[in-house]
2 protein chains.
Amino acid sequence: MKELTKQQSKVLACVEVYLNKTGFPPTRAEICKELGFKSPNAAEMHLRALEKKGYIAIQSGSSRGLSIIKSQQSFESMHDSMPVIGLVAAGSPTLAEENIEKRIPCDPSLFSEGFDYFLKVKGLSMIDAGIHEDDLVAIKKTTLVKNGDLVVVRIEDEVTLKYFHQQDHLLELIPANKDFATIKIDLREQEAFVEGKSVGLIRTH
Amino acid sequence: MKELTKQQSKVLACVEVYLNKTGFPPTRAEICKELGFKSPNAAEMHLRALEKKGYIAIQSGSSRGLSIIKSQQSFESMHDSMPVIGLVAAGSPTLAEENIEKRIPCDPSLFSEGFDYFLKVKGLSMIDAGIHEDDLVAIKKTTLVKNGDLVVVRIEDEVTLKYFHQQDHLLELIPANKDFATIKIDLREQEAFVEGKSVGLIRTH
DNA sequence: ATTTATACTGTATATTTTTACAGTATATAA
DNA sequence: TTATATACTGTAAAAATATACAGTATAAAT
């Protein structure tokens with residue numbers, strides 16, 4: 001699929017937004033109004049380019065005869081899908097594109113509270129909570145967590161999934177496996193960031 | 001929401017089908033062609049009625065200015081949702097309406113192989129497989145199962161979720177909890193029906 | 001220096017489309 | 001019997017729309 005110029009991209013976005021808002025595609029004139037062009041031919045030319053590059057189809061002779069072939073919108077918003085993030089050790093911007101292993105076709109309302117991404121579990125530290133290696137834990141980004149919540153915490157460059165327990169300056173990250181030790185952190189000496197909490201889990205057999 | 005007459009219903013369906021096929025709504029003339037009317041006013045009148053009853057919106061002055069407000073298509077096919085079945089003891093037609101506890105907004109492709117319904121787990125017999133009480137196990141209806149698969153089996157009026165193991169006439173349904181005994185069935189003496197197998201699991205925290 | 005691609009303005013026209021108006025026919029309710 | 005609602009045909013005009021053609025301007029490539 002050929003690359004789009006900035007303006008072509010704008011026009012395609014305009015068509016998609018209009019379609020989402022009204023349920024039918026815009027006319028050339030409407031695209032112009034939306035994007036500030038003064039001639040319908042400006043829109044026409046961009047549409048022709050988009051057609052040639054395979055992003056849209058134009059039904060000639062039909063008013064508003066546009067249809068989207070390849071959407072620009074991230075797959076996210078069109079047919080809802082949620083990103084799967086590996087439990088990576090390094091890097092901080094968890095939801096950065098390069099950390100997304102794949103996407104699962106489902107929408108955020110799959111779990112009642114909503115969630116932001118799936119975290120792919122590594123290791124067996126939570127096995128007694130019924131959380132296995134490669135399970136996908138649905139994470140809702142929040143820093144508001146209670147003792148006993150299953151949380152994602154970042155300590156320096158390490159991200160971990162554990163039960164949360166904090167009393168005053170002592171943060172305890174408790175595993176669900178007797179072979180693993182509880183991580184104890186004195187928050188006066190070391191920083192720890194709560195990235196979110198688990199609201200659900202999915203597993204593929 | 002008011003009831004539709006037969007013709008109104010046909011027109012609404014026509015708009016929806018056209019929209020699905022082309023990506024934009026039909027004109028009055030196109031509806032006529034599709035449904036065999038000879039006057040654009042026939043379509044116009046039906047559209048007005050559909051608007052008055054709240055099924056569509058008409059953007060006046062715009063060509064093809066129709067948008068669907070309330071689709072006729074069943075909720076199922078529009079916004080996919082999958083039924084949740086309790087692990088009920090009695091009754092046989094598993095997917096009968098009365099057995100559906102609720103529906104989860106997701107589509108069958110959530111798990112790569114596809115699935116037909118969720119089974120809500122009762123009891124702790126599979127706890128060592130990381131399957132807890134109230135977990136929802138995604139079940140694909142099939143009778144083609146291998147030894148080691150996690151299957152839904154019906155024996156008389158009892159439905160159970162266990163690991164499958166069969167050798168000749170001996171069927172073993174193996175739990176994942178040392179406190180539970182393996183169910184052993186001689187198929188020459190007793191019937192057992194494989195209803196499906198697990199392809200995944202979801203849990204709400 | 002000249003071509004080529006992108007990105008438009010401005011105008012005009014044929015065509016598409018909406019939409020109003022004038023009827024006809026039929027079944028159902030008052 | 002007379003409304004009233006549904007379900008159309010047929011026509012026509014006004015408005016919306018696609019689309020062709022003639023230009024201008026700019027930056028990058030050759």
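Residue numbers start from 1 in every chain, and the chains themselves are labelled A, B, ... in the order their sequence lines are given, proteins ahead of strands.
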So if I take every side-chain heavy atom of [X] and compare against [options], which nucleotide ends up nearest?
{"X": "B:T27", "options": "C:dT17, D:dC8, D:dA22", "value": "C:dT17"}
{"X": "B:N41", "options": "C:dT19, C:dC21, D:dA20", "value": "C:dC21"}
{"X": "A:F37", "options": "D:dT9, C:dC8, D:dA7", "value": "C:dC8"}
{"X": "A:P40", "options": "D:dT19, D:dT9, C:dT17", "value": "D:dT19"}
{"X": "A:S62", "options": "C:dT17, C:dG10, D:dA7", "value": "C:dT17"}
{"X": "A:K38", "options": "D:dA7, C:dT17, C:dT9", "value": "C:dT9"}
{"X": "A:R48", "options": "D:dA20, D:dG10, C:dT19", "value": "D:dA20"}

Exercise. Taking A:N177 for its side chain and A:D179 for its backbone only, find out whether a donor-acceptor pair lies under 3.5 Å.
Key: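 Looks like yes, one N/O pair under 3.5 Å.
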Quiz item: Can you tell me how far CD1 of B:I183 sits from CD of B:E158, rounded to the nearest 0.5 angstrom?
Solution: 8.5 Å
Practice problem: To the nearest 0.5 angstrom, please state how far the CD atom of A:E44 sits from the CD1 atom of A:I58. | Solution: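 Taking CD in A:E44 and CD1 in A:I58, the distance rounds to 6.0 Å.
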Report yes if at least one side-chain N or O of [X] is closer than 4.0 Å to OP1 or OP2 of [N]; otherwise report no.
{"X": "A:T5", "N": "C:dA5", "result": "no"}
{"X": "A:R64", "N": "C:dT18", "result": "no"}
{"X": "B:R28", "N": "C:dT18", "result": "yes"}
{"X": "B:H46", "N": "D:dT6", "result": "no"}
{"X": "A:S63", "N": "C:dT17", "result": "yes"}

Quiz item: Within the structure shown, what part of the strands sits under 4.0 Å from A:Q7 by heavy-atom distance: base, sugar-phosphate, or nothing?
Solution: sugar-phosphate
Between atom [atom1] in [X] and atom [atom2] in [N], what is the gap in whole Å?
{"X": "B:E51", "N": "C:dT18", "atom1": "CD", "atom2": "P", "result": "13 Å"}
{"X": "A:E44", "N": "C:dA14", "atom1": "CD", "atom2": "P", "result": "18 Å"}
{"X": "A:M45", "N": "C:dC8", "atom1": "CE", "atom2": "P", "result": "12 Å"}
{"X": "B:K6", "N": "C:dA27", "atom1": "NZ", "atom2": "C1'", "result": "14 Å"}
{"X": "B:Q59", "N": "D:dA15", "atom1": "CD", "atom2": "P", "result": "17 Å"}
{"X": "B:L47", "N": "D:dA7", "atom1": "CG", "atom2": "C1'", "result": "14 Å"}

Self-check item: Residue closer to the 5' end of DNA chain D, B:Q8 versus A:E30 (nearest nucleotide)
Solution: B:Q8
Quiz item: In a check of side-chain contact (heavy atoms from CB on, under 4.5 Å) between B:Q166 and each of B:V145, B:V194, B:L187, which one passes?
Solution: B:L187
Quiz prompt | For B:D135, the option from B:K122, B:K120, B:R203 that meets salt bridge (Lys or Arg N to Asp or Glu O under 4.0 Å) | solution = B:R203
